[in-house]
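The structure appears right after this line, and notes come after that.
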Amino acid sequence: MKKLIYAIIGKEDTEVVTSALSKSGFQATKLSTTGGFLKRGNTTLMICVDEKKMQDVIAIIKKVCGKRQSIDINVPYVDSTGDIPMTLAGVTQKVEIGGAIIFAVNVDYFEKI
Ligand code: 2BA
C-alpha cells in the first residue's frame with residue numbers, strides 16, 4: 001500500500017526539507033499554500049511512498065524543520081456586526097508556528113508513465 005503524505009511546513013524550511021528528502025531518495029512535490037488562519041504563505045509537500053517508508057519520511061521532516069515557537073500576532077477585533085471599530089484596532093494573541101503539520105492518506109492507484 002502506498003501512502004500520500006502531506007507535510008505543511010514554513011516557507012523558510014522548504015529548501016532544507018526538500019533537500020534532505022531528496023538526499024534520502026524521496027521525491028516530493030512542493031505546493032505554495034497559504035495558512036487559513038494567519039493568511040501567510042507556507043509550503044505543502046506531497047510525498048508518495050510505500051507504507052513501510054512513511055516513518056522514515058516523517059523522521060527526516062522532524063529532524064530538519066524548524067522547532068515550534070510562540071509568537072504574538074495582532075488580530076483585528078471584529079464585533080458581532082462584522083465591523084472593525086476604529087477604537088479597537090486589534091487584539092494580541094499568542095500562536096505557535098514552526099515545526100510541521102503532517103497527515104497521510106491511502107493511495108488507491110499509482111502509476112508512472
Ligand atoms: P494557519 O492556518 O495560518 O495557522 C497558523 C498557526 O496559527 C497554527 O499553527 C496554530 O498555531 C494557530 N492557529 C490556527 N488556527 C487557529 C485558531 N482558530 N485559533 C487559534 N490559533 C490558531 P499550526 O497548527 O502549526 O498550523 C500551521 C499551518 O498548517 C496552518 O496555518 C495551516 O495552513 C495548516 N494546518 C494546520 N492544521 C491543519 C489541519 N487540521 N488541516 C489542514 N491544514 C492545517
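We use all heavy atoms of the structure for the numbers below, so side chains are in, but hydrogens, waters and symmetry mates are not. Whatever order the structure lists ligands and atoms in, that order sets their numbers, starting from 1.
- Of all atoms in ligand 1, listed by their number and element, those nearer than 4.0 Å to a heavy atom of F37 are 1 (P), 2 (O), 3 (O), 4 (O), 7 (O), 12 (C), 13 (N), 14 (C), 15 (N), 16 (C), 17 (C), 18 (N), 19 (N), 20 (C), 21 (N), 22 (C).
- Contact annotation: the side chain of L21 approaches that of V57 to within less than 4.5 Å [non-hydrogen atoms, C-beta and beyond].
- Minimum interatomic distance between M54 and I5 (heavy atoms only, all atoms of both residues): CG-CD1, 3.6 Å.
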With side-chain contact (heavy atoms from CB on, under 4.5 Å) as the test, would you mind laying out the steps for N106 and K3 before giving the verdict?
CA-CA 5 Å; N106 293 336; K3 293 276 187 186; 2.6 Å; yes
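- Within a 4.0 Å radius of atom 10 (C) of ligand 1, the protein contributes at least one heavy atom.
- The nearest heavy-atom contact from the protein to atom 44 (C) of ligand 1 is I8 CD1, 3.9 Å.
- Proximity of R40 to ligand 1, defined as any heavy-atom pair under 4.0 Å, is not found for any part of the residue.
- For ligand 1, the atoms sitting less than 4.0 Å from at least one non-hydrogen atom of L38 are 1 (P), 3 (O), 5 (C), numbered in the order shown with element in parentheses.
- Of all protein heavy atoms, the one closest to atom 20 (C) of ligand 1 is Q93 NE2, 3.4 Å.
- T18 has its side chain out of reach of T43: every pair of non-hydrogen atoms, C-beta onward, lies at least 4.5 Å apart.
- Of all protein heavy atoms, the one closest to atom 26 (O) of ligand 1 is I101 CG1, 3.6 Å.
- Counting protein heavy atoms under 4.0 angstrom from atom 33 (O) of ligand 1 gives one or more.
- Geometrically, ligand 1 and E96 share a nitrogen or oxygen pair separated by less than 3.5 Å.
- Criterion: ILVMFWY side-chain heavy atoms under 4.5 Å apart, direct or through other members. Under it, V49 and V64 are part of a common hydrophobic cluster.
- Every atom of ligand 1 is numbered from 1 in the order shown, and the set under 4.0 Å from a heavy atom of G35 is 1 (P), 2 (O), 3 (O), 31 (O), 33 (O).
- Shortest contact from atom 41 (N) of ligand 1 to any protein heavy atom: F103 CE2, 4.4 Å.
- Under 4.0 Å from ligand 1, the heavy atoms of N42 that appear belong solely to its side chain.
- Transitive grouping of hydrophobic side chains (ILVMFWY, heavy atoms separated by less than 4.5 Å) brings M46 and F103 into a common cluster.
- Atom 25 (O) of ligand 1 has R68 NH2, 3.0 Å as its closest protein atom, hydrogens excluded (heavy atom only).
- I47 and F110 are assigned to two separate hydrophobic clusters, defined by single-linkage of ILVMFWY side chains at heavy-atom distances under 4.5 Å.
- Pairing each heavy atom of I61 with each of A7, the nearest pair is CD1-CB, 3.8 Å.
- Looking at ligand 1, you'll find an N or O of G36 within less than 3.5 Å of one of its N or O atoms.
- Side-chain contact between I9 and L45 is present, with heavy atoms from C-beta onward closer than 4.5 Å.
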